[in-house]
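We number each residue from 1, following the sequence as shown.
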Amino acid sequence: MSTLVIVESPTKAKTIRNFLPDGYRVEASMGHVRDLPRSASEIPPEVKGEKWAQLGVNPEADFEPLYIIPGDKKKVVKTLKDALKEADELVLATDEDREGESISWHLLQVLNPKVPTKRMVFHEITQEAIQAALENCRDIDDQLVHAQETRRILDRLVGYTLSPLLWKKIASGLSAGRVQSVAVKLIVHREKERRAFRKGSYWDLKATLKQGENAFEAKLYALAGRRLANGSDFDEATGQIAAGREVELLDEAQARHLQTRLQAGVWTVSNVEERPHTRKPAPPFTTSTLQQEANRKLRLSARDTMRVAQNLYEQGYITYMRTDSVHLSQQAIEAARACVAAKYGTEYLSPKPRQYATKAKAAQEAHEAIRPAGSSFRTPSETGLTGREAALYDLIWKRTIASQMAEARQTSITAAIEVEEAVFRATGKRIDFPGFFRAYVEGSDDPEAALEDQEVLLPALTPGDALSCTDLEAIGHETQPPARYTEATLVKVLENEGIGRPSTYATVIGTIIDRGYVRLVNNSLIPTFTAFAVTALLEQNFPDLVDVHFTARMEQTLDDISTGEVDWLPYLKAFYAGDQGLEHQVQARETQIDPTEARTVRLNGLEAKVRIGRYGPYIELDHGEASVRASIPPDVPPADLDDAQIERIIKQKIEGPDKVGLHPETGEPIFLRIGPYGPYVQLGETTDDNPNPKRASLPKGLQPEDVTVETAVGLLTLPRTLGPHPETGAPIKASQGRFGPYIVHDQGKEGRSLKAEDDVLTVTLERALELLAQPKAGRGRRKAEPLRELGPHPEDGEVVALFNGPYGHYVKHGKVNASVPEGVDIDAVSLEQALDWLNAKASSKTSRSRPSKAAGSQDKAPKKGRSVRSGGKSQTTKTAATRKASGAKRTTKTSSTKASTSRKSSARPGDEAT
């Protein structure tokens with residue numbers, strides 16, 4: 001007896017063959033073999049004249065979908081049909097979620113088998129799972145198929161009905177979608193919040209105090225019985241202290257006066273409070289949380305995360321990656337606990353097996369969390385994986401075993417120090433028992449380093465202790481606008497609000513980037529002016545379709561269809577047909593929407609008109625009796641466009657670029673121009689013989705009107721070579737980057753940011769050596785002292801030492817830490833053993849490193865900016881006058897690796913894959 005097994009992809013087929021008995025043939029369908037028409041050329045001739053043909057769904061025939069076999073799938077279908085002719089049985093083994101069920105149903109319709117047919121489902125590709133699935137086959141679940149088909153039809157109705165309206169009223173090539181339009185609206189509204197934001201400023205004091213030889217920091221907390229104002233006390237709309245806040249606000253003069261008065265005061269500890277608390281490990285990964293954490297830790301996009309995860313699943317390394325469940329099977333719990341006991345010891349196990357409850361709205365898809373596959377988990381080093389696959393597997397493995405580890409126990413320490421009428425606070429954190437921190441710390445790819453960073457120790461303080469103040473610094477702060485969404489924070493909001501399915505978020509985010517609604521810059525999602533125009537049109541004319549709660553209710557209804565609680569046909573009729581249906585709404589409003597008005601973006605506080613044109617957004621401003629139009633640089637965020645920028649753009653349009661002067665050596669003109677990344681200077685004209693003249697961005701804080709010939713020449717000569725290092729002979733250079741001016745030594749291996757008083761154009765070799773001699777800025781913790789030095793490293797002679805940290809013993813060489821394995825006699829640790837552990841740790845880090853991607857464009861000024869962490873809506877940063885220097889750290893973006901997947905979505909207007 002011969003059996004034909006059909007899966008979605010060649011990779012999955014190759015893996016599953018290893019676990020099937022003789023007589024089984026495995027073929028791949030390459031995803032869906034049928035779909036709705038993607039273009040007019042795919043519409044069958046017999047229905048091309050029908051008015052609904054372009055829609056691909058016939059609303060007048062109970063929304064009957066028009067399914068066709070795409071041209072690129074006809075060869076696949078022929079192969080499957082030929083294979084079926086030789087089979088005595090057909091097994092459909094596509095994925096276990098709604099889409100997988102839909103693929104199997106379509107295969108059944110196309111192949112029309114005359115032999116017995118079974119549906120086989122599994123959530124991991126292992127010997128045990130495949131054997132169990134073969135013994136428990138079932139029929140196709142019609143309710144899941146109806147739910148998927150209803151989603152597909154609904155997305156087609158929304159996309160193909162609204163998108164043509166956007167083409168007519170705003171610009172061609174635009175699209176709307178049931179989930180994508182809500183996602184764009186969220187990003188646009190955050191940008192509006194940033195535009196409406198008003199900056200507030202405040203000052204405080206930071207003291208460096210000593211008890212004996214132990215130094216620590218404390219910050220001013222209260223003055224004369226009133227708490228000092230901080231960033232959270234400001235009203236974002238006014239930049240002033242919010243109404244009802246009883247706080248003390250210091251300006252610079254008051255802070256400086258207080259600094260002088262308190263410096264020589266008597267500093268006394270008035271209170272010390274210790275608060276023990278515990279932290280529980282996070283649940284194992286779902287689709288959504290995996291995308292979020294991979295974005296934070298590995299800088300992977302949601303789309304790349306799902307590609308890599310699918311590869312891991314199809315190769316048998318992890319369980320199914322499209323799931324809303326945080327549940328672990330008994331087999332998985334036992335495997336995770338065995339890993340913990342073997343690697344960290346039984347004291348690191350949770351007292352009893354830990355299960356988690358799924359909290360996501362309408363949790364569906366697979367029935368287990370994403371975890372390593374099998375009844376025993378391979379450690380990351382045992383898999384042989386490399387690159388992104390190794391990094392993502394490592395993340396999943398750590399998160400899974402951490403879920404069965406003991407809670408971390410910490411103690412927060414707060415000391416109050418009084419001096420005259422002022423109260424300072426010093427805060428510390430002690431890790432009493434690291435628990436699951438040994439394996440996994442959210443947001444960090446190195447748990448040991450993260451633990452070291454988390455612990456901030458204070459000396460043993462008691463009330464009444466006298467302290468000496470060695471330094472008192474007045475520091476100015478400015479409140480920051482609400483952080484833009486990252487892929488991680490957007491996914492979290494979409495899931496929490498119940499918008500769409502987590503399995504589709506990667507496609508949705510990819511679509512809004514590909515369609516030009518959003519730009520991804522430094523991991524932030526920045527909306528374009530086109531996104532503003534489309535969102536405004538939809539909000540004004542079809543408010544329900546972009547309403548978060550309406551969309552969430554729609555998603556719930558679709559889930560109810562999958563369980564049989566709601567009938568799909570009446571729902572589609574109510575949504576699309578009738579006087580209140582989408583079709584009638586679009587027809588009624590099409591004549592009411594003025595294209596000129598629809599293409600106009602209204603930004604508060606801006607006199608000029610911003611419009612969307614054929615070649616992008618532009619400014620239109622009255623100039624005398626005529627109006628002047630000028631293109632907006634493509635990388636200017638809507639929140640940052642102000643009257644000063646508009647004036648410069650219009651001036652450059654009317655008069656051409658400003659001429660700063662002539663280069664004193666070459667005689668070439670130096671121009672001041674406005675580019676996609678802001679103002680920059682350019683040496684010479686752009687000509688056929690000189691298509692890429694030398695350019696340099698203006699440093700932060702330097703205004704275009706303050707640029708002189710001397711300044712421009714200096715910027716154009718960067719990077720400056722200051723001279724050789726007296727010890728290494730390697731050159732030391734001064735330059736500027738995205739995070740400000742810096743010096744660098746030894747081909748970029750060692751760098752320091754310049755301080756506020758330093759000028760990148762005039763900084764000397766002596767000053768650079770002084771900065772390089774200073775340690776990189778830390779977090780206020782005391783440097784760990786080694787238990788003993790084991791000896792010099794054979795490669796560089798640097799000392800290898802043994803330490804005792806809050807999470808156990810470890811050895812250290814340079815910047816590499818490696819844990820001492822459990823059970824090793826600490827007193828007997830040798831240099832040879834330490835080198836083995838360090839080499840293994842260095843190798844694992846190398847395997848996780850990501851290739852860099854060359855960035856930049858020859859015809860654009862160098863990009864500048866700074867990284868902004870996501871989080872709360874009011875963040876603070878020190879002003880330039882009081883910034884502390886930190887190591888200049890420049891990161892390269894991960895190269896985008898194309899990976900094959902069985903679920904590629906076409907870039908069709910308004911169509912969303914679900």
Problem - E789 CD: over 12 foreign heavy atoms closer than 6.0 Å - result: no
Handout entry: Neighbour count >12 (heavy atoms, 6.0 Å) for atom NZ, K219
Key = no
Handout entry: Derivation of the ring-ring contact (aromatic ring centres under 6.0 Å, His included) call for F424 and W267
Key = CA-CA 9 Å; F424 283 71; W267 298 70; 4.8 Å; yes
Exercise for the section: May I ask you to say whether D204 pairs ionically with K206, meaning some side-chain N is under 4.0 Å from a carboxylate O? Expected result: no
Handout entry: K297 to Y440 six-membered ring, cation-pi geometry met (6.0 Å, 45°)
Key = yes
Exercise for the section: Please check if any side-chain donor atom of N523 sits under 3.5 Å from a side-chain acceptor atom of T486, or the reverse. Expected result: no
Handout entry: Pairwise side-chain contact, T427 with I413, heavy-atom cut-off 4.5 Å (strictly under)
Key = no
Handout entry: Sidechain-backbone polar pair: Q736 side chain, S697 backbone, donor-acceptor under 3.5 Å
Key = yes
Fill in the blank from the handout: Distance col, row L392:CG vs L385:CG, nearest 0.5 angstrom, shows 10.0 Å
Problem - Q645 vs V636 side-chain heavy atoms within contact, under 4.5 Å - result: yes
Handout entry: Validation row: H663, L683 side chains within 4.5 angstrom (heavy atoms)
Key = yes
Exercise for the section: Please step through side chain to side chain contact (heavy atoms under 4.5 Å, CB included) for the pair V799 and K812, ending with a clear verdict. Expected result: CA-CA 8 Å; V799 172; K812 183 173 185 177; over 6 Å; no
Practice task
Could you pull out the closest heavy-atom pair between P637 and I526, with the gap in Å?
Solution key: CB-CG2, 3.8 Å
Problem - Short side-chain to backbone donor-acceptor contact, E478 and K199, under 3.5 Å - result: no
Problem - Where T711 and T708 come nearest, the two heavy atoms and their spacing - result: OG1-OG1, 2.9 Å
Problem - side chain to side chain contact (heavy atoms under 4.5 Å, CB included) between E668 and L662, worked out - result: CA-CA 5 Å; E668 293 177 279; L662 299 177; over 6 Å; no
Exercise for the section: State, to 0.1 Å, how close H745 and I732 come at their nearest heavy-atom pair, and which atoms those are. Expected result: CD2-CG1, 3.9 Å
Exercise for the section: Carefully, step by step, assess T764 and L722 under the rule side chain to side chain contact (heavy atoms under 4.5 Å, CB included). Expected result: CA-CA 6 Å; T764 64; L722 306 182; over 6 Å; no
Practice task
Quick one: pull up CG in L250 and CG in L228 and give me the separation to the nearest 0.5 Å.
Solution key: 5.0 Å
Practice task
Could you tell me whether the side chain of Q833 and the main chain of S830 form a donor-acceptor pair under 3.5 Å?
Solution key: yes
Practice task
Without swapping roles, check the side chain of R256 against the backbone of E252 for a donor-acceptor pair under 3.5 Å.
Solution key: no
Handout entry: R388 with D304: basic N within carboxylate O range, under 4.0 Å
Key = yes
Problem - R438 to Y344 six-membered ring, cation-pi geometry met (6.0 Å, 45°) - result: no
Exercise for the section: With rounding to the nearest 0.5 Å, note down the distance linking CG in L467 to CG in N214. Expected result: 11.0 Å
Practice task
Drop me the distance from L698's CG to L672's CG, to the nearest 0.5 angstrom.
Solution key: 6.0 Å
Completion exercise
Separation between CD (E750) and NE2 (H725), nearest 0.5 Å, reads 8.5 Å
Practice task
Among residues two or more places apart or on two chains, list those pairs meeting salt bridge (Lys or Arg N to Asp or Glu O under 4.0 Å) that have a residue in residues 758-767.
Solution key: E757-R767, D758-R767, R767-E770
Practice task
Find the distance between CD (E473) and CG (L205) and round it off to the nearest 0.5 Å.
Solution key: 9.5 Å
Handout entry: T260 side chain near L472 side chain, heavy-atom distance below 4.5 Å
Key = no
Handout entry: Side chain proximity check, H813 to E798, heavy atoms < 4.5 angstrom
Key = yes
Handout entry: Closest heavy-atom pair and its distance - P380, D394
Key = CG-OD1, 3.3 Å
Handout entry: Worked verdict on E685 versus N690 for side-chain hydrogen bond (donor to acceptor under 3.5 Å, both in side chains)
Key = CA-CA 8 Å; E685 300 273 8; N690 185 28; over 6 Å; no
Problem - Residue pair S735 / R720, side-chain heavy-atom distance below 4.5 Å - result: no
Practice task
For atom CD of E727, decide whether the heavy atoms of other residues, nucleotides or ligands shown that lie under 6.0 angstrom number more than 12.
Solution key: no
Handout entry: Validation row: W837, V820 side chains within 4.5 angstrom (heavy atoms)
Key = yes
Problem - Any donor-acceptor pair under 3.5 Å from T721 side chain to G723 backbone - result: no
Practice task
Could you give me the CA-CA distance, side-chain angles and deciding distance for V681 and R695, then say whether side chain to side chain contact (heavy atoms under 4.5 Å, CB included) is met?
Solution key: CA-CA 6 Å; V681 290; R695 298 182 175 102; over 6 Å; no
Fill in the blank from the handout: Scanning both residues in full, the closest heavy-atom pair of D251 with W203 reads C-CD1, 3.7 Å
Exercise for the section: Over all heavy atoms of both residues, which pair between I417 and A218 is shortest? Give the atoms and the distance, please. Expected result: CD1-CB, 4.2 Å
Handout entry: Side-chain heavy-atom pair V829, R788 within 4.5 angstrom cut-off
Key = yes
